[in-house]
Asker: 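Let me give you the structure first, and then I'll get to my questions.
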Amino acid sequence: MEERYSPSAIEAKWQKVWEEKKTFQVSEDPGKEKYYLLEMFPYPSGRIHMGHVRNYAIGDVVARFKGMQGYNVLHPMGWDAFGMPAENAAIQHGVHPAKWTWENIDSMRKQLKKIGLSYDWDREFATCSPDYYRWEQLVFLRMLEKGLAYKKSSAVNWCDDCFTVLANEQVEDGCCWRCGREVVQKELEQWFFKTTAYADELLDDMDQLGGWPEQVLTMQRNWIGKSHGCEIDFAVDGNDETVRVFTTRPDTLFGATFMSLAAEHPLAEQLITDAQRAEAEAFIEKVKKQDTTERSTETMEKEGIFTGSYCINPLNGRKMPVFLANFVLMGYGTGAVMAVPAHDQRDFEFAKKYDLPIEVVIQPEGEALNGATLEEAWTGPGLLVNSGDFDGQPNEDAKQAIAEYLDGKGEGKATINFRLRDWGVSRQRYWGTPIPVIYCDSCGVVPVPEKDLPVVLPEDVVLSAEGGSPLARHEAFLKVDCPICGATARRETDTFDTFVESSWYFARYACPDYDQDVLDKKAADYWLPVDQYIGGIEHAVMHLLYARFWTKILRDLGLLSVDEPFTNLLTQGMVCMETQSCPEHGWLYPEEVENGRCTKCGKPVIGGRTEKMSKSKKNVVDPDALIRLFGADTARLFALFAAPPEKDLEWNEQGVEGCSRFLNRVWRLVYDNLDLISQVPVATAAEGSAKALRRQVHETIQKVTSDIDGRFHFNTAIAAVMELLNAVNGFKQNSEHPAVIREAVEAIVRLLSPFVPHMAEELWELLGHEGGVIAAGWPEVDPAALVKDEQMIVVQVMGKVRAKITVAADASEEQVKEVALADTNVARFIEGKTVRKMIYVPGRLLNIVAN
RNA sequence: GCCCGGAUGGCGGAACUGGCAGACGCAAGGGACUUAAAAUCCCUCGGCCUUAUGGCUGUGCGGGUUCGAUUCCCGCUCCGGGCACCA
């Protein structure tokens with residue numbers, strides 16, 4: 001037995017014990033309460049970084065804590081293994097995406113295992129394995145049957161030189177990242193999931209998500225964007241067509257002075273008059289080049305072009321010129337907007353630019369707005385004016401009144417609109433799940449029969465910088481007999497968005513090897529929902545919304561019984577570090593800087609900003625090096641102690657040394673007291689000078705428990721244990737109270753075990769226990785130990801602290817006031833004044849108001 | 001631009017429901033031990049004033065509510081995350 005704390009030896013020892021005993025392997029046990037803890041699984045990028053260490057350390061604390069409390073804890077790990085980086089590696093380094101991915105998984109698994117995380121590794125899977133994605137393909141087929149998956153034409157970013165689709169992140173200043181050619185918008189037939197069919201449920205079921213951070217719920221609510229409004233038909237002047245608009249402000253209809261259409265609007269072509277044709281078509285071309293995220297931003301210059309046609313305002317018969325405008329999107333509402341410049345800022349700017357009439361129809365109380373002098377749109381409430389029979393109505397009432405009036409005339413109706421769009425899942429990429437459909441010239445779109453699943457992604461492909469999917473060049477994959485008529489047909493060569501795999505992996509962990517169906521319902525019903533989900537805030541909307549959507553799909557297919565996948569959610573901040581650069585050598589690693597100078601040339605470095613760790617900026621810390629130097633327990637402890645989980649964590653090497661010092665102190669505490677306490681039982685009561693120490697032991701148990709459970713304030717939990725350690729070290733009558741010392745030492749070891757499991761196991765064994773610290777369970781508070789004889793009351797005069805008094809724990813309000821007024825410093829401040837009132841917060845504070 | 005957050009000593013952070021601002025840790029300074037170093041231990045540590053008891057001031061900025069505001073409200077500044085083909 002080593003007397004010095006030697007992390008590498010004890011960490012290897014206990015990792016082996018856990019692996020051999022399968023300590024964290026679980027199965028369905030109806031007799032035990034389950035707890036499913038999940039951290040967002042990683043993309044196998046190659047190396048574990050500090051963000052992973054932090055995420056998984058946080059999860060591991062909760063998993064081990066719940067395990068010690070007696071829950072049947074499911075804590076799995078796997079790999080989100082499809083995605084673009086693998087393809088980029090293939091193009092740049094000639095490695096096959098599959099080889100690249102599987103090798104990354106192997107090295108990252110090794111790294112994770114060194115951290116001592118309590119995973120049930122038997123449940124591990126990677127989403128790029130056909131055993132996983134075949135079930136995804138099956139769900140797709142069932143969605144197809146139910147009309148929840150469908151095909152439609154949609155715009156993508158396209159590069160004509162590379163002949164390929166570009167992701168938004170591959171578009172730099174409107175040009176292709178690889179060749180620099182201007183990116184154009186191209187219409188392609190793509191597969192969509194009907195997320196909009198679940199829009200209402202996705203919104204309503206948020207009531208069940210009380211365990212989610214409010215900010216995430218707000219973001220999702222805004223993303224779904226339910227708005228009540230009205231669809232209104234506007235007749236086109238001089239022909240039989242009508243233009244339908246959606247508006248949330250039917251109350252402003254009398255103020256609509258023109259009309260704006262999306263450039264892609266199906267009626268646009270027809271409405272453009274010959275006189276306007278040349279200009280309008282040039283405008284459409286220009287708009288099509290702007291990518292859609294750019295078009296919806298408000299910084300963009302609002303531009304438009306007159307079509308030459310007019311619409312008729314159904315309420316007042318006004319002739320409204322019809323424009324095409326770059327800020328109107330075909331994807332939202334009807335792709336046509338009635339423009340009310342007096343009451344909508346975008347319309348206002350547009351009207352000013354093109355000199356269109358501005359007419360006020362909502363008059364705020366106590367003001368007299370005038371369209372001619374208005375400086376910005378009035379979007380607040382008010383009474384209707386210039387609105388015929390509706391004059392004088394509050395605008396909120398008028399929304400319904402006007403909608404009903406139009407409904408009666410058959411020219412409009414109240415509707416609900418969502419900002420949420422259907423989820424486009426087609427990707428023109430190789431490294432993803434093949435979409436299981438076949439195109440036959442005579443039978444059309446034919447789903448792959450279930451018996452032919454999985455459609456396996458072929459590995460014998462050549463990836464090149466040419467672009468385009470290699471699947472489209474793979475004859476054996478492409479050519480297939482039509483399942484209906486037997487004629488030669490071709491396969492779909494698009495693959496799924498990788499968000500599809502991560503939308504249901506949490507359910508598959510319940511039964512990773514089940515080979516009869518998507519899920520083994522019995523196992524899924526036992527384990528789901530996930531009780532605690534942990535991951536980065538950057539996933540607040542998309543991943544979490546898609547996972548909620550898939551849960552509802554799986555439920556409606558009879559595969560799951562739950563409505564929502566994640567009962568509680570913890571969103572963790574990023575790991576950041578200061579960047580440093582040399583004027584000559586660019587970004588520098590921390591070891592390349594000495595005394596503020598570049599070690600290569602001696603020039604002073606430019607201290608950068610604190611930013612998210614990234615390889616390109618060289619502000620990374622390799623967890624492996626950290627573990628070699630200090631041990632996994634220290635790395636874990638630091639990641640948890642430096643900041644609460646939701647906050648960004650700023651890396652600071654010195655902080656690590658502090659954590660290492662603390663663990664050495666814990667180690668010595670056990671060693672230094674071993675002779676004293678090894679032969680005594682744990683105290684159940686304390687006398688005299690040991691009473692305060694024992695009270696602190698139990699106060700610490702109470703604090704650590706509540707800090708971990710639900711609050712996730714690991715930093716303060718650790719701080720409380722540090723304080724207890726300091727108290728034990730400062731307690732000089734050790735030899736008189738060996739049982740209390742033993743109780744304190746054992747409490748420290750058990751309370752620390754979720755944070756630094758290897759050391760805790762080692763010390764627990766050293767203290768003479770068999771069976772491990774996990775089986776020992778979580779320590780319990782002895783209420784008798786918490787009882788106090790005295791209490792400290794803060795005394796304020798006019799809100800400023802003037803004294804701190806100590807009174808009996810059961811002192812009455814009157815007694816507290818008496819002692820407070822007798823205090824000399826208090827007396828000094830109320831001298832010559834009249835005490836007006838005294839505010840007493842029992843057990844805490846007394847504020848004397850005197851003047 | 002839109003949506004969502006954040007800002008507290010030299011630094012990371014604490015203060016859970018409106019009630020002692022700065023717990024715990026780092027860094028720094030001083031001391032003990034040591035031939036010396038490392039390790040360890042002890043003391044000081046927001047600013048200003050004071051011999052001291054103590055006082056004034058202070059939680060990004062400007063207002064407000066309250067006996068009392070880091071916490072609640074209004075108006076700003078700066079920083080971060082997301083924005084639908086990065087995962």
Side-chain angles (χ1 to χ4, degrees), chain A residues 40 42-43 45 80 82-85 88 156-157 165-171 190 195 213-223 225 292-294 296-300 331 420-429 497-499 502 536-543 545-546 571 573-574 576 609-612 638 641-644 646-659 661-662 664-665 668 703 706-707 711 713 715-716 718-723 726 729 792-802 804 824-825 828 836-839 841 844-850:
Chain A
M40 291 178 186
Y43 177 78
S45 55
D80 188 14
F82 275 137
M84 231 162 43
N88 291 343
V156 292
N157 300 313
V165 175
L166 298 173
N168 278 348
E169 74 154 18
Q170 295 173 323
V171 180
Q190 310 216 60
T195 39
E214 197 50 49
Q215 59 158 314
V216 175
L217 294 177
T218 307
M219 279 195 257
Q220 292 219 348
R221 210 171 276 124
N222 291 338
W223 189 265
T292 47
T293 36
E294 193 188 329
S296 53
T297 65
E298 293 210 2
T299 40
M300 185 194 59
L420 182 74
R421 311 205 290 262
D422 280 342
W423 175 13
V425 292
S426 295
R427 297 292 180 269
Q428 294 69 40
R429 304 197 183 281
D497 177 3
T498 57
F499 270 116
S502 57
I537 182 70
E538 66 272 22
H539 296 291
V541 177
M542 295 172 56
H543 162 60
L545 193 69
Y546 295 149
T571 49
M574 299 176 310
C576 306
R609 295 221 309 261
T610 302
E611 290 181 84
K612 184 174 176 168
F638 176 69
F641 179 62
E646 330 74 75
K647 288 197 73 162
D648 289 350
L649 184 154
E650 203 180 315
W651 195 258
N652 171 331
E653 201 73 24
Q654 280 112 17
V656 183
E657 280 166 28
C659 287
R661 263 204 288 272
F662 167 66
N664 273 293
R665 275 151 61 83
R668 283 203 308 275
K703 175 161 177 63
S706 69
D707 275 356
R711 243 165 70 90
H713 281 206
N715 54 334
T716 52
I718 294 164
V721 179
M722 286 174 170
E723 283 181 80
N726 292 343
N729 281 338
M792 198 267 290
I793 305 285
V794 171
V795 183
Q796 299 182 332
V797 178
M798 298 299 287
K800 286 182 192 281
V801 179
R802 298 302 178 190
K804 292 170 188 180
T824 51
N825 204 43
R828 207 153 67 84
R836 301 287 170 194
K837 62 177 168 177
M838 290 194 261
I839 291 140
V841 184
R844 281 194 147 160
L845 172 138
L846 179 73
N847 188 12
I848 301 165
V849 184

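Note: hydrogens, waters and symmetry copies are ignored here, and every other heavy atom, side chains too, is used. Proteins get letters first, then strands, A, B, ... in listed order; numbering begins at 1 in each.
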Asker: Taking only the P atom of each, what is the distance from B:C72 to B:G19 in whole angstrom?
Answerer: 11 Å
Asker: Between atom CD in A:Gln190 and atom C1' in B:C85, what is the gap in whole Å?
Answerer: 9 Å
Asker: From the list B:G12, B:U40, B:C3, which nucleotide is the closest neighbour of the side chain of A:Ala642?
Answerer: B:G12
Asker: Taking syn as any angle within 90 degrees of 0 and anti as the rest, which one fits B:G9?
Answerer: syn
Asker: Looking only at the side chain of A:Arg668 (C-beta and beyond, no hydrogens), which of the listed nucleotides B:U40, B:C85, B:A87 gets closest?
Answerer: B:U40
Asker: Take atom OH of A:Tyr43 and atom C1' of B:A87, then tell me their distance rounded to the nearest Å.
Answerer: 8 Å
Asker: Measuring only between side-chain heavy atoms, which start at C-beta, is A:Leu217 closer than 4.5 Å to A:Gln220?
Answerer: no
Asker: So, is A:Lys800 close to the B:U57 phosphate, meaning a side-chain N or O under 4.0 Å from OP1 or OP2?
Answerer: yes
Asker: Indicate, with a heavy-atom threshold strictly under 4.0 Å, whether A:Thr824 touches base, sugar-phosphate, or nothing.
Answerer: nothing
Asker: Check A:Lys837, A:Met838, A:Gln796 against A:Val849 for a side chain to side chain contact (heavy atoms under 4.5 Å, CB included) and give me the one that passes.
Answerer: A:Lys837
Asker: Identify whether any heavy atom of A:Arg665 sits under 4.0 Å from a base atom; if not, whether one sits that close to sugar-phosphate; answer base, sugar-phosphate or nothing.
Answerer: sugar-phosphate
Asker: Taking atom P in both B:G68 and B:U57, what distance in whole Å separates the two?
Answerer: 14 Å
Asker: Of the options B:G54, B:A84, B:C85, whose atoms approach the side-chain atoms of A:Asp497 most closely?
Answerer: B:C85
Asker: On RNA chain B, check which nucleotide each of A:Asn825 and A:Val849 is closest to and give me the residue with the more 5' one.
Answerer: A:Asn825
Asker: Is the shortest side-chain heavy-atom distance between A:Glu646 and A:Ile537 below 4.5 Å?
Answerer: no
Asker: State, yes or no, whether a side-chain contact exists between A:Asp707 and A:Asn715 at a heavy-atom distance under 4.5 Å.
Answerer: no
Asker: Can you tell me, in whole Å, how much space there is between the P of B:U53 and that of B:C42?
Answerer: 24 Å
Asker: Across the strands shown, which category fits A:Trp223 at heavy-atom distances under 4.0 angstrom: base, sugar-phosphate, nothing?
Answerer: base
Asker: Under 3.5 Å, side chain of A:Asp80 to main-chain N/O of A:Pro42, donor-acceptor pair present?
Answerer: no
Asker: Between atom OH in A:Tyr546 and atom P in B:A84, what is the gap in whole Å?
Answerer: 9 Å
Asker: Between B:A23 and B:A15, how far is it from one C1' atom to the other, in whole Å?
Answerer: 8 Å
Asker: Say you pick atom C1' in B:U70 and the same atom in B:G60; how far apart are they, in whole Å?
Answerer: 12 Å
Asker: Is the shortest heavy-atom distance from the side chain of A:Gln428 to the side chain of A:Gln190 under 4.5 Å?
Answerer: yes
Asker: Rounded to whole angstrom, note down the C1' distance from B:A38 over to B:G54.
Answerer: 43 Å
Asker: In whole angstrom, give the distance that lies between atom CZ of A:Phe662 and atom P of B:G12.
Answerer: 22 Å
Asker: So, A:Asn825 and A:Arg828: side-chain donor and acceptor under 3.5 Å apart, yes or no?
Answerer: yes
Asker: What does A:Val156 touch in the nucleic acid at a heavy-atom separation under 4.0 angstrom: a base, only the sugar-phosphate, or nothing?
Answerer: base
Asker: Among the nucleotides B:G54, B:C67, B:G13, which one has an atom lying closest to any side-chain atom of A:Pro644?
Answerer: B:G13
Asker: If each of A:Gln428 and A:Lys837 is mapped to the nucleotide of RNA chain B with the nearest heavy atom, which maps nearer the 5' terminus, i.e. the 5' end?
Answerer: A:Lys837
Asker: Could you tell me whether A:Glu646 contacts a base, only the sugar-phosphate backbone, or nothing, with contacts defined as non-hydrogen atoms closer than 4.0 Å?
Answerer: nothing
Asker: Any heavy-atom pair between the side chains of A:Arg221 and A:Thr218 that's under 4.5 Å?
Answerer: yes
Asker: Output the rounded distance in Å from CD1 (A:Ile537) to P (B:C86).
Answerer: 19 Å
Asker: What I'd like to find out is whether the side chain of A:Phe499 reaches to under 4.5 Å of the side chain of A:Trp423, using heavy atoms alone.
Answerer: yes
Asker: Starting from P on B:A52, measure out to CZ on A:Arg828 and report it in whole angstrom.
Answerer: 15 Å
Asker: B:U40, B:C85, B:A87: which one has an atom nearest the side-chain heavy atoms of A:Arg661?
Answerer: B:U40
Asker: What is the distance, to the nearest angstrom, from the CZ atom on A:Arg427 to the C1' atom on B:C85?
Answerer: 4 Å
Asker: What is the nucleic acid contact for A:His539, judged by heavy atoms within less than 4.0 Å: base, sugar-phosphate only, or nothing?
Answerer: base
Asker: Does B:C85 have OP1 or OP2 under 4.0 Å away from a side-chain N or O of A:Arg421?
Answerer: no
Asker: Within less than 4.0 Å of OP1 or OP2 of B:C83, is there a side-chain N or O belonging to A:Asn222?
Answerer: no
Asker: If we take the P atom in both B:G9 and B:C61, what is their distance in whole Å?
Answerer: 10 Å
Asker: Is a side-chain donor or acceptor of A:Asn847 paired with a backbone partner of A:Gly799 at a separation under 3.5 angstrom?
Answerer: yes
Asker: How far, in whole Å, is B:G82 from B:G29 if one measures between their P atoms?
Answerer: 40 Å
Asker: If every non-hydrogen atom of A:Gly536 is compared with every non-hydrogen atom of A:Met40, which pair is closest and at what distance?
Answerer: N-SD, 3.8 Å
Asker: Determine: side-chain N/O of A:Arg802 to OP1/OP2 of B:G55, distance under 4.0 Å, yes or no.
Answerer: yes
Asker: Round to the nearest Å and state the distance from A:Leu545 atom CG to B:G82 atom P.
Answerer: 17 Å
Asker: Given the rule that a pair is Watson-Crick or G-U wobble with both distances under 3.5 Å, how would you write RNA chain B in dot-bracket, using | for pairs to a different strand?
Answerer: (((((((..(((......[....))).(((((.......))))).((((....))))..(((((..]....))))))))))))....
Asker: Ignoring hydrogens, what is the shortest heavy-atom contact between A:Cys659 and A:Phe641? Give both atom names and the distance.
Answerer: SG-CD2, 4.1 Å
Asker: Could you run through nucleotides 16-24 of chain B and give me one letter per nucleotide, 5' to 3': B if any protein heavy atom sits under 4.0 Å from the base, S if only the sugar-phosphate is that close, - if neither?
Answerer: B--BBS-BB
Asker: Classify the side chain of A:Gln220 and the base of B:C3 as holding, or not holding, a donor-acceptor pair under 3.5 Å.
Answerer: no
Asker: Considering only heavy atoms from C-beta outward, does the side chain of A:Leu545 approach that of A:Leu420 to under 4.5 Å?
Answerer: yes
